[in-house]
2 protein chains.
Amino acid sequence: MKVERILSRAVPGEDPRGTLESYLREKGLRLTRQREAILEIFLAHPQHISVEDLYKRVRKADPGIGFATVYRTLKLLTQCGLAEERHFQGGRSRYEPAASEHHDHCICTVCGKIVEFENPTIEQLQDEAAEQLGFELTHHRMELYGICAECRQRPVRRRR
Amino acid sequence: MKVERILSRAVPGEDPRGTLESYLREKGLRLTRQREAILEIFLAHPQHISVEDLYKRVRKADPGIGFATVYRTLKLLTQCGLAEERHFQGGRSRYEPAASEHHDHCICTVCGKIVEFENPTIEQLQDEAAEQLGFELTHHRMELYGICAECRQRPVRRRR
DNA sequence: GTAGATGCAAAAGCTTTGCATGGGT
DNA sequence: ACCCATGCAAAGCTTTTGCATCTAC
């Protein structure tokens, strides 16, 4: 089982910037200073950034950018396949760069750490389970919640 | 694998109403007309009711009840272990009667049907996966999304 | 030059909270 | 009688939308 993702998300032979540009051109949309900045900062961030967090970082780089633009651009990135929206416990949206491979999440309920993993055996069983229920599986969501090794050793830690 | 839950949620030898009463007494809280009504309607509903839907049903039975009371009572039911909060795709909260056994969900992306199931083999593998990541697993969430048999036969169907 | 994008603020959902009043115990 | 619970409305949060202005093409 592969337990942690490689942090660089670049799909070999395909660059995200190019993907965005093609998508924009195809749809008759425009590549703006703001979209470039948001994409860059979004990709630079390791994982699962919240909209608010991304907004703050983007603001630091370019103080003129508004909240609405960040939201609009994240929707755009989602549409062109560069970003994926997540809804972990708590309700507010987080986005992560679209991975070339599917993965699931393991989340520490103490410090909030999120580790990505994949497990083909489980995937296989999920397919089978869905089939038995009469479903043709399109996608799934699996989140494991627990306490990470660090937090078990050092119990008092603030939530990220 | 058990594929569908029994719709009656009564845990043998334990009645929900009694559980609520005990909890209220213990905490010095009160059993009101509204709480009785909300509990009853909540338990009568098969599964995964949204707050709004519950509110509407409760209103029909007792038009004086306010939205805030429904929210407050659902929190109360969650605290005393009678209800569980879910956040499926889309963001708004749904509640379901606390099951005596853990289960996961399989959701039709066309008609919105939700089927509950459990799969001990997957559970076991989840435990192992978390352990390999250094986590002590406390709980998890697994949702399978796909198209149910009905919807595959009869493609055009509105979302519930 | 034109259609799309932006920033701001207002609006829109969903959920929670404050407060005067009502009601269990 | 004492407090807790309620209903209403207002406030909180996150996300979306309207609109005048700006800008990439």
Side-chain angles (χ1 to χ4, degrees), chain A residues 17 20-42 48-80 83-95, chain B residues 17 20-42 48-56 58-80 83-95 159:
Chain A
R17 163 96 182 225
L20 178 60
E21 283 180 6
S22 309
Y23 181 82
L24 294 174
R25 195 167 315 118
E26 184 190 315
K27 297 275 181 183
L29 306 176
R30 285 156 198 184
L31 181 60
T32 62
R33 188 189 88 239
Q34 291 89 334
R35 285 174 179 170
E36 291 185 275
I38 292 168
L39 175 63
E40 189 188 329
I41 291 170
F42 173 65
H48 313 106
I49 197 167
S50 66
V51 181
E52 195 188 346
D53 196 6
L54 180 57
Y55 170 67
K56 279 183 194 154
R57 284 161 195 266
V58 166
R59 276 237 137 192
K60 223 174 281 174
D62 188 340
I65 295 181
F67 222 133
T69 301
V70 175
Y71 270 100
R72 287 186 279 228
T73 303
L74 280 171
K75 290 266 177 285
L76 193 68
L77 295 181
T78 302
Q79 278 161 31
C80 70
E84 284 172 15
E85 196 176 352
R86 305 267 171 212
H87 289 98
F88 296 135
Q89 209 151 255
R92 66 191 61 103
S93 302
R94 284 164 174 275
Y95 285 82
Chain B
R17 163 95 182 225
L20 178 59
E21 283 181 6
S22 308
Y23 181 82
L24 294 175
R25 195 168 313 119
E26 186 190 315
K27 297 275 180 182
L29 306 177
R30 283 152 199 185
L31 182 60
T32 62
R33 187 188 91 239
Q34 291 89 334
R35 285 175 179 171
E36 291 185 276
I38 293 168
L39 175 62
E40 188 188 331
I41 292 170
F42 173 65
H48 313 106
I49 197 167
S50 66
V51 181
E52 194 187 346
D53 196 5
L54 180 57
Y55 171 67
K56 280 184 195 154
V58 166
R59 276 236 136 191
K60 222 173 282 175
D62 188 339
I65 294 180
F67 223 130
T69 300
V70 175
Y71 271 100
R72 285 188 280 230
T73 302
L74 279 171
K75 289 266 178 284
L76 193 69
L77 295 181
T78 302
Q79 278 161 31
C80 70
E84 284 172 14
E85 196 175 353
R86 306 269 171 208
H87 289 98
F88 296 134
Q89 207 150 254
R92 65 191 62 102
S93 301
R94 283 164 174 273
Y95 286 83
R159 212 157 207 286

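Convention: sequence-line order gives letters A, B, ...; per-chain numbering from 1.
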| query | Atom CZ of B:Arg25 to atom C1' of D:dC3: distance rounded to whole Å? | reply |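 Rounded to whole Å, this separation is 18 Å.
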| Name the one of A:Glu84, A:His48, A:Lys75 that satisfies side-chain hydrogen bond (donor to acceptor under 3.5 Å, both in side chains) with A:Tyr95? |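 In the set A:Glu84, A:His48, A:Lys75, the residue that makes a side-chain hydrogen bond (donor to acceptor under 3.5 Å, both in side chains) with A:Tyr95 is A:Lys75.
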| query | So does A:Gln34 get a side-chain nitrogen or oxygen closer than 4.0 Å to the phosphate oxygens (OP1/OP2) of C:dG7? | reply |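 For C:dG7, OP1 or OP2 has a side-chain N or O of A:Gln34 closer than 4.0 Å.
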| task | Quick one: label A:Arg35 by what it contacts on the DNA or RNA (base, sugar-phosphate, nothing), any heavy atom closer than 4.0 Å. | result |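 Contact class for A:Arg35: sugar-phosphate only.
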| said: I want to check something: taking the side chain as every heavy atom from C-beta on, are A:Phe67 and A:Val51 in contact at a cut-off of under 4.5 Å? | reply: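 They are in contact (side-chain heavy atoms under 4.5 Å apart), so the answer is yes.
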| In whole Å, what is the span from the CG atom of A:Leu24 to the P atom of C:dT6? |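 In whole Å, C:dT6 P and A:Leu24 CG are 10 Å from each other.
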| Nearest-angstrom distance from the residue atom CG of B:Leu77 to P of D:dA5 |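 So the CG-P distance, B:Leu77 to D:dA5, works out to 13 Å.
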| task | For A:Lys27, report the nucleic acid contact type (base, sugar-phosphate, nothing); a contact means any heavy atom under 4.0 Å. | result |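 Since no nucleic acid heavy atom lies under 4.0 Å of A:Lys27, the category is nothing.
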| Closer to the 5' end of DNA chain C via nearest nucleotide, is it B:Ala68 or B:Arg33? |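 Nearest-nucleotide comparison on DNA chain C picks B:Ala68.
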| request: Could you check how far CD of A:Glu36 sits from C1' of D:dA24, rounded to whole Å? | output: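 Those two atoms, CD and C1', are 11 Å apart.
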| field | For atom CZ of A:Arg59 and atom P of C:dC8, their distance in whole Å | value |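 The distance from CZ of A:Arg59 to P of C:dC8 comes to 6 Å, rounded to the nearest Å.
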| Within 6.0 angstrom of B:Gln79 CD, more than 12 heavy atoms from elsewhere |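 Yes, enclosed.
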| Stepwise salt bridge (Lys or Arg N to Asp or Glu O under 4.0 Å) test for B:Glu40 and B:Arg17 | CA-CA 8 Å; B:Glu40 188 188 331; B:Arg17 163 95 182 225; over 6 Å; no
| request: Using only heavy-atom distances, decide whether a donor-acceptor pair under 3.5 angstrom links the side-chain of A:Arg72 to the base of C:dG4. | output: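 Donor-acceptor pair under 3.5 Å: no.
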| field | Short side-chain N/O contact to D:dT16 OP1/OP2 from A:Lys75, under 4.0 Å | value |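 A:Lys75 to D:dT16 OP1/OP2: side-chain N or O found under 4.0 Å.
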| message | Tell me the interatomic distance from B:His87, atom NE2, to D:dC13, atom C1', rounded to whole angstroms. | response |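 To the nearest whole Å, that distance equals 13 Å.
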| task | Between B:Asp62 and B:Gly28, name the one whose nearest nucleotide on DNA chain D is closer to the 5' end. | result |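 Its nucleotide being nearer the 5' end, the pick is B:Gly28.
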| Has the side chain of B:Arg35 got a donor or acceptor atom that lies under 3.5 Å from a matching backbone atom of B:Arg30? |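 Answer holds: yes.
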| query | Can you tell me if the side-chain N/O atoms of B:Thr32 get under 4.0 Å from OP1 or OP2 in C:dG23? | reply |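 For C:dG23, neither OP1 nor OP2 has a side-chain N or O of B:Thr32 closer than 4.0 Å.
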| task | Can you tell me the distance, in whole Å, between the CG atom of B:Leu20 and the P atom of D:dA5? | result |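 After rounding, the reported distance stands at 11 Å.
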| said: If the cut-off is 4.0 Å, is B:Ser93 near the phosphate of C:dT15, judged by side-chain N/O to OP1 or OP2? | reply: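 Affirmative; the distance criterion is met.
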| task | For B:Arg30 and for B:Thr73, find the nucleotide of DNA chain D with the closest heavy atom, then tell me which residue's nucleotide is more 5'. | result |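 In this pair, the answer is B:Arg30.
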| message | If the cut-off is 4.0 Å, is A:Tyr71 near the phosphate of D:dT15, judged by side-chain N/O to OP1 or OP2? | response |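 Answer yes for this pair, as a side-chain N or O of A:Tyr71 is under 4.0 Å from OP1 or OP2.
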| message | How many whole angstroms separate atom CZ of A:Phe67 from atom P of C:dA11? | response |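 Taking atom P of C:dA11 as the reference, CZ of A:Phe67 is at 19 Å.
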